[in-house]
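Residue numbers run from 1 in the order of the sequence given.
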Amino acid sequence: MTRRFRNTILIMGAGNVVLCASVWFLVRAARGIRVGTAVVSHTLCSGAFVSGLDPDFLYAEAVKPIPGQRVLSKRLKYVVDRAGRQVIVTWAGGFQSRAVYRDGFGCIILHGDESKVAATGKFPGGEIGTVSAPHEEGSLEVQPPEPKLEAALDRAFTEPSQPPYRRVKAIVILHNGNLVAERYAPGYRADTPILGYSLAKSVTNALIGILVRQKKLAVEQRAPVPQWDNPSDPRHGITIDQLLRMTSGLALEESDTGFDPVSRMLFLESDMAGYAEHARLQAALGSKWDYTSGNTLILSRIIRDAVGGRAQDVVEFARRELFEPLGITTATIEFDATGTPVGSIYIFASARDWARLGALYLNDGVVHGRRILPEGWVNYSAAPTLDTDYGAGFWTNRGSHGDANARIHAGMPEDSFYGSGNLGQRIVIIPSAGLVIVRLGLTHYNGLQITAMKRLGHGFMGQLNYTWSRCMDTVSNGGFLQFSAGGILSPLPGDLARDYGPCDYDIRHNLNAQYVYQLPLKFKSRSLAYALKGWQLSGTVFWHSGIPFSVLSTPYSANGNGIVNGSGPQFASMIPGVPLYEHKPIPGVTQPGTVQWLNPNAFVSTVDPSTGACYGGNSPKICQFGNLGRNALRGPDFAWSDFYLTKWFPLTERVKLRFDTQFFNVFNHPNFGLPSMVLAGIPGKPSTQTGFGALTYTTSPPTGLLGVGLGGDSTPRMIAFQARLEF
């Protein structure tokens, strides 16, 4: 082969690589644009024809701030055709997406054959028709608003001077079944159906629960998915429980990038559940938690088939068995082209009706003496899954996950659980307080998440997730849950500016990683190979930066003149030039058995704790709020690592013995909570600083011997040996 010919071959090969890469990039970019235009058409269609909102307003607040949409916005055009009850979106003169409204069934994105659905009014297997709704709104005792709650609503709806903006649209609070507070943004009313996003998963949980009570389904049963009927299919054993708890092991990543499988399922597929059912298995059943709307779409198909197989059947079942008993009159469920409810995202209801759903779970699944959900279903739904703070359709504080601990430490009761949807949709249920709090809005999360996954040769696979986020507010969660001292007090002059700072749960950096390594051992002896071959090493790593907290002044207690800091947050002042943190014991301050975190000489209380009077004298000039902002300090970082050694011994064709050695907290590393004593003293007076800024307790681990910190699990290293039969 001549050099010239060889160079020609190399150039042609390189050209083919570049061409293939270019084609791949263009195909991927086109897919992203198609998803982007579909998001716009569907959001504006549902907003205009289901919720009755202004499409231009909805695009500006709900759609355009999405990072990917910002890129498309300059060349994107949309037309709201009210006569045809449809929205048509184009990008750069092409990439058209069309969403059409259908009476009783909301909007659907048309991909091709669905145009027949819009034209003929037929689903495969059923007619489209308007489903009549009860005209009387369900009873809801309305109490006169209290001044403190009115002040809290003022805070929640007050926009900060700079992003991120809250954009709260509706808040409803029920206490023991009585409506004690509610408020709506301009353009929204008490009967406005509002998209719940993933609050829909809580509705799907309720519908599954009803079918369980009717003994048509059981959570332990194998999911009735014909696609998985073959016993040799690795997905054959997936249960309804695993779909509810997001532990099915299906490869259905949900990252909301427009390129992930769930984005394709929701915006590019006519048969959403069918697409999800085709996903491969990437983890052993029940072994790994992975939040994905694909699991809920499969459950939605199961619900459809269990109640008759048509969209009309689903609407009638939901209305008869759930909505009417609860007094819900504004709910709309949207469907794909096969008549499967999009039970992961697309359910609309007014804020009051979302609160009625929460009240059902507050009352253990009973309404007006009638049991809607099976006995024990609420506790089942709120029980944590594996080592997470997710239950079955709800997020939960009933465990020892780091995020749950942060919420509890901030003041959210341990028995709380909540539905959560994109853009700040929340249904918070607090049984111990008899509270249901609904907060609906268009709040965009400011953060950056990077996920990297790599499969290497020799049996090694690793995945790493990193999230950077920034959350700012004046009082976390609107002050309804006691995240902040004085959270529901009427603001004094200047309070909003003083209070504006990091949210109580603002964790800037969050990293987790997992890895699996198949040991590449080879043996000629069959007996040695049976005993020593096939060992698997795996592990997890968790790390996040510290949680914010405030340093306060001692409250004023002595008589004085012109005192203005007698209510509301009383922050201390910072001494310029003095380091804020000190990790060495300080005589007279650090108590035995504690770890020093803050430097007491860096802070000064407006009030002298030894006298109760303003430090320096009781005068209006001296007795002022301190200059330290809210949540200006950070607690310790959290770091945790586990390690597992696993081996499967085949006993028969269908039975295996699994042996595990589990090492929790591999490096025997303590993780401390926030300082217990944060009332500043007077520099140079150790008696006023005793115990200040010291760490006195450790946080519960995310994993442990019994799962999530139960049975005394704490920060020391824990080692467990486990053997189980798998068949």
Legend entry - Counterpart residues, ring pair (Phe, Tyr, Trp, His ring centres under 6.0 Å), relative to H544 (two or more places apart):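 Ring pair (Phe, Tyr, Trp, His ring centres under 6.0 Å) check on H544 returns F638.
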
Inset, instruction - Kindly write out the residues that satisfy salt bridge (Lys or Arg N to Asp or Glu O under 4.0 Å) with R439, not counting sequence neighbours, or none if the list is empty. - result: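 For R439 there are no salt bridge (Lys or Arg N to Asp or Glu O under 4.0 Å) partners, ignoring immediate neighbours.
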
Legend entry - Partner residues of R167 under the salt bridge (Lys or Arg N to Asp or Glu O under 4.0 Å) criterion, sequence neighbours left out: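 So R167 forms a salt bridge (Lys or Arg N to Asp or Glu O under 4.0 Å) with E61.
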
Legend entry - For N379, all residues meeting side chain to side chain donor-acceptor pair (under 3.5 Å), sequence neighbours excluded: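 Side chain to side chain donor-acceptor pair (under 3.5 Å) list for N379, sorted by chain: R398.
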
Legend entry - Listed partners of D637 passing salt bridge (Lys or Arg N to Asp or Glu O under 4.0 Å), at least two apart: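 Not a single residue meets the salt bridge (Lys or Arg N to Asp or Glu O under 4.0 Å) criterion with D637.
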
Inset, instruction - Please identify each residue that fulfils side chain to side chain donor-acceptor pair (under 3.5 Å) with T688, with sequence neighbours left out. - result: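 Counting only residues at least two positions away or on another chain, T688 forms no side chain to side chain donor-acceptor pair (under 3.5 Å).
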
Legend entry - Residues which pass side-chain contact (heavy atoms from CB on, under 4.5 Å) with D154, listed by chain and number, not counting sequence neighbours: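 Applying side-chain contact (heavy atoms from CB on, under 4.5 Å) to D154 gives R183.
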
Inset, instruction - Please list, chain by chain and in numerical order, all residues satisfying ring pair (Phe, Tyr, Trp, His ring centres under 6.0 Å) with F643, sequence neighbours excluded. - result: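 Checked F643 against ring pair (Phe, Tyr, Trp, His ring centres under 6.0 Å); matches are F663.
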
Inset, instruction - Please name all residues satisfying salt bridge (Lys or Arg N to Asp or Glu O under 4.0 Å) with D608, sequence neighbours left out, ordered by chain then number. - result: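 D608 satisfies salt bridge (Lys or Arg N to Asp or Glu O under 4.0 Å) with K685 only.
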
Only distances under 3.5 Å count here; give the side-chain donor-acceptor pairs of residues 582-589 to other protein atoms, sequence neighbours excluded, each with its distance to 0.1 Å.
from : atom 1 : to   : atom 2 : distance (Å)
E582 : OE2    : K584 : N      : 3.0
H583 : ND1    : W597 : O      : 3.4

Inset, instruction - Quick one: which residue pairs count as a ring-ring contact (aromatic ring centres under 6.0 Å, His included) with a foot in residues 669-696, not counting sequence neighbours? - result: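 Sorted result for residues 669-696: F603-F692.
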
Legend entry - Partners passing side-chain contact (heavy atoms from CB on, under 4.5 Å) against L674 (at least two apart in sequence or in another chain):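 In terms of side-chain contact (heavy atoms from CB on, under 4.5 Å), with neighbours along the sequence ignored, L674 is linked to H409, I547, F549, Y697.
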
Inset, instruction - Say whether T698 and N671, considering side chains only, have a donor N or O and an acceptor N or O under 3.5 Å apart. - result: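 No, because no side-chain N or O of T698 sits under 3.5 Å from a partner of the opposite role on N671.
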
